[in-house]
Amino acid sequence: MLFHVTFEVHDNVVLDGDKRFREMFGPRLPMIMESGKVREAGLLSIKRGAFFLVDIDEPVELYELFGPEVYGSCAVDAQPVTPIETAGEIFQQWAQEGR
């Protein structure tokens, strides 16, 4: 199951807190990327955050993957993703049904 996950560092994490976040998250990032669950990832250019497209079996794996390093310092938004090919099939079916 694909999930698009974005996180944005809380506004109250500034200066020394921002440095501590980088020190805490920096070592975690390679573990996330090497987990075999990340298809794409990148920084959000106009925010203090990032996105990940992850392939997981159960939503609880998000907690295991990102851990307290992210959940303790960031606002997290996770959305299930439907492949565009599947959406096309659904739309065709609806058209055939006159919906």
Is there a side-chain contact between [X] and [Y], using heavy atoms and a 4.5 Å cut-off?
{"X": "E64", "Y": "L62", "answer": "no"}
{"X": "S73", "Y": "M24", "answer": "yes"}
{"X": "D77", "Y": "F7", "answer": "no"}

Checklist entry - In a check of side chain to side chain contact (heavy atoms under 4.5 Å, CB included) between F52 and each of T6, L65, I32, which one passes? => result I32
Checklist entry - Looking at residues at least two apart in the chain, or sitting in another chain, which of them share a side chain to side chain contact (heavy atoms under 4.5 Å, CB included) with A75? => result H10
Next on the checklist: Restricting to ring pair (Phe, Tyr, Trp, His ring centres under 6.0 Å), what partner residues turn up for F3, sequence neighbours left out?
Outcome noted: none
Checklist entry - Are V38 and V76 joined in one hydrophobic group, where the rule is that I, L, V, M, F, W and Y side chains link up if heavy atoms are under 4.5 Å apart? => result yes
Next on the checklist: If you count heavy atoms of other groups shown closer than 6.0 angstrom to OH of Y63, is the number above 12?
Outcome noted: no
Checklist outcome for this item: Using a 4.5 Å side-chain heavy-atom cut-off and chaining through intermediate ILVMFWY residues, the residues clustered with M31 come out as none
Checklist entry - Using a side-chain heavy atom cutoff under 4.5 Å and only I, L, V, M, F, W and Y, what cluster partners does L44 have? => result F51
Expected list for residues 54-61: side-chain donor-acceptor pairs under 3.5 angstrom, two or more places apart:
unit_1	atom_1	unit_2	atom_2	d
D55	OD1	M1	N	3.3
D55	OD2	R39	NH2	3.2
E61	OE1	K37	NZ	2.3
E61	OE2	D57	N	2.8
E61	OE2	E58	N	2.9

Item to check | F66-F25 aromatic ring centre distance below 6.0 Å | outcome: no
N/O donor to acceptor pairs below 3.5 angstrom from side-chain atoms of residues 80-97, sequence neighbours left out:
unit_1	atom_1	unit_2	atom_2	d
Q93	NE2	E97	OE2	3.0
E97	OE1	R99	NH1	3.0

Next on the checklist: If I take atom CG from residue L2 and atom CD from residue Q79, how far apart are they, to the nearest 0.5 angstrom?
Outcome noted: 13.0 Å
